[in-house]
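Letters go in sequence order (proteins before strands), and every chain restarts at 1. Since we're looking at a predicted model, the values are computed, not measured. The figures that follow rest on heavy atoms only: side chains count, while hydrogens, waters and symmetry mates do not.
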Amino acid sequence: MSDGNPMLTAPDMEGLKPGFSEPVFEAQVAFRTVLNAMSYAGRVHALETKLDPPAPLDPAMAALALTLFDFDTPVWLDAAAADGGTPDFLRFHCGAPLVAALGEARFAVVADPSKMPPFDRFAIGEDRYPDRSATLLIQVPSLTGGPAMAWRGPGIDGATTVAIAGLPADFWAQWADNHALYPLGVDVVFAAGRALVGLPRGIQVEG
Amino acid sequence: MNAVAKKASWDEAYNFAYLDEQTKRMIRRALLKAVAIPGYQVPFGGREMPLAYGWGTGGMQVTASVIGPSDTLKVIDQGADDTTNAVSIRRFFKRVAGVATTEATEEASVIQTRHRIPEKPLKEGQVLVYQVPQPEPLRKLEPRETETRKMHGYAEYGLMHVRLYEDISRFGHIATTYSYPVMVNGRYVMSPSPIPKFDNPKMENNKAIQLFGAGREKRIYAIPPYTRVKSLDFDDHPFEVQRWPQACALCGARNSYLDEVVLDDKGGRMFVCSDTHFCADRQEKGHRGPMAADPAARAFARSSETSEQKEDDGR
Ligand SMILES: [Zn+2]
């Protein structure tokens, strides 16, 4: 977290957007929201935050980053996220190393899902350590306005209908391949505005 | 429930909830992976809690990483809110996080437990944190971590079935009554922690989030809500829970887990609910067991009902 170290406040940091004003409590709220989102998969969870992040990040996406990233978590940014104030924002407030190699990333920040790389270029974990897989944070225009899909699996009582918007045409075919790797595979958190939907690897999605 | 609505007030000699933010982030990331891979043991690092192992350090690390100022915490040990272990953990979080505490299962947003699942069904949004002394269900069969990891990695669970079947050939039934292994989401064999097997069926399709912390072994695992949890068994020897011929002596419950309580040195004894809040709540609503009028039994009941009072006096 930022400690206001003047050495880090270099001239090119002018215009740097502030992070959490109360890091301990805002991170706790954001964590509980994402814990609920990953636990009750497919439901829209509102995330209360006053963050005013750099474009193109939405407040929920920025809150996730500030809550989960630090110097231990290599982060990959897509071209849309890498353009503008986001890289400085994440380096300054989280100390997270930004990496170019997709396979090295613990987290991916995808601000333009229409151009996102295939899932299988990210870490899917190892047989003995399936937790060593990437978590993809994908910002979408809407969590409710897309094509309706049926989600089933842990965290869902029977089946639920979810309608994530803005995903590439082959997204759900790729997801089926990812789910088939279970217990390996990537996990996804969708973010839009001030809300989240969790999509852990154990969820089966059908059109 | 999750808003920063309530201003936190705690002993500011410590970071909120004791753990530093870096440790919390590490544990939080482990918790998210644990929820994504139900029943799989996620290793985590991080700093120690100021309690000896065996006092629930793993559960406390999980609770400390989850809890916020607007939470209400319940802590139980063997079903009781008033044991030394439960009281000291509750006091710890009152001091380092300033959170409200309760004995009422339905009022708690976070429940830390050692060895029981409350009798009252949990609700959506509640978090049940288990203290786990030994997270590895295969450890007694295979002492080497590299081997047990491989067995989980390739779902090689034959040994576990052999072990349970040995019970059957020796005793005629599966004699394991605590830490009875479960299969989670059809993939990982998991230790439910030393809860009685009576509680195992409550884990399946529970509406709450179940998180497990093992401090010494530094492992976290989880069962998300609405998840398949099957106790291992055999077609000819299906899984069964304990039953008692008698009802709770105090509240008359016939569907709860009962503890035997010795009342005097002349062999006087009774069976009462291990879940003290469940039992007191039933008695308050007018339910009576066969010994509800017995003076020695009433004295026992009173001593467990006033634990919150004792705790406040003791501060
Ligand atoms: Zn009772």
Any salt bridge between [X] and [Y], counting N to O under 4.0 Å?
X	Y	value
A:D70	B:R29	yes
B:K202	B:E119	yes
B:K120	B:E106	yes

Of the listed A:T73, A:L199, A:I156, A:L47, the one with the largest count of heavy-atom pairs under 4.5 Å with chain B is A:I156
Below 4.5 Å, heavy-atom pairs only: which of A:P130, A:P200, A:G125 has the largest tally toward chain B?
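Option with the top pair count is A:P130.
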Would you compute the distance between atom CD1 of B:I223 and atom CZ of B:R228 and round it to the nearest 0.5 angstrom?
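The CD1 atom of B:I223 sits 12.5 Å away from the CZ atom of B:R228.
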Rounded to the nearest 0.5 Å, what's the gap from CD on B:E145 to CZ on B:R139? Could you check?
5.0 Å
Taking every non-hydrogen pair under 4.5 Å, which of B:N205, B:I37, B:L31 racks up the most with chain A?
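The answer is B:I37.
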Highest number of heavy-atom pairs under 4.5 Å with chain A among B:A36, B:P224, B:G153 belongs to B:A36
Ring pair (Phe, Tyr, Trp, His ring centres under 6.0 Å) partner of A:W76, chosen from A:F69, A:F107, A:F122
A:F122
Going by ring pair (Phe, Tyr, Trp, His ring centres under 6.0 Å), B:F212 matches just one of B:F44, B:Y40, B:Y221. Which one?
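Among the candidates, only B:Y221 passes.
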Of the backbone (N, CA, C, O) and the side chain (C-beta and beyond), which part of [X] lies under 4.5 Å from a heavy atom of chain A, both, or neither?
X	result
B:Q41	neither
B:A208	backbone
B:N15	side chain
B:R28	both
B:I67	backbone
B:K207	backbone
B:V229	neither

Considering only heavy atoms, which portion of [X] lies under 4.5 Å from any heavy atom of chain B: side chain, backbone, both, or neither?
X	answer
A:F71	side chain
A:R132	neither
A:V189	neither

Pair A:F171 and A:F119, ring centroids less than 6.0 Å apart:
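Judged by ring-centre distance (under 6.0 Å), A:F171 and A:F119 do meet the cut-off.
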Can you confirm whether the side chains of A:T135 and A:D187 place a donor and an acceptor under 3.5 Å from each other?
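No - no donor-acceptor pair under 3.5 Å links their side chains.
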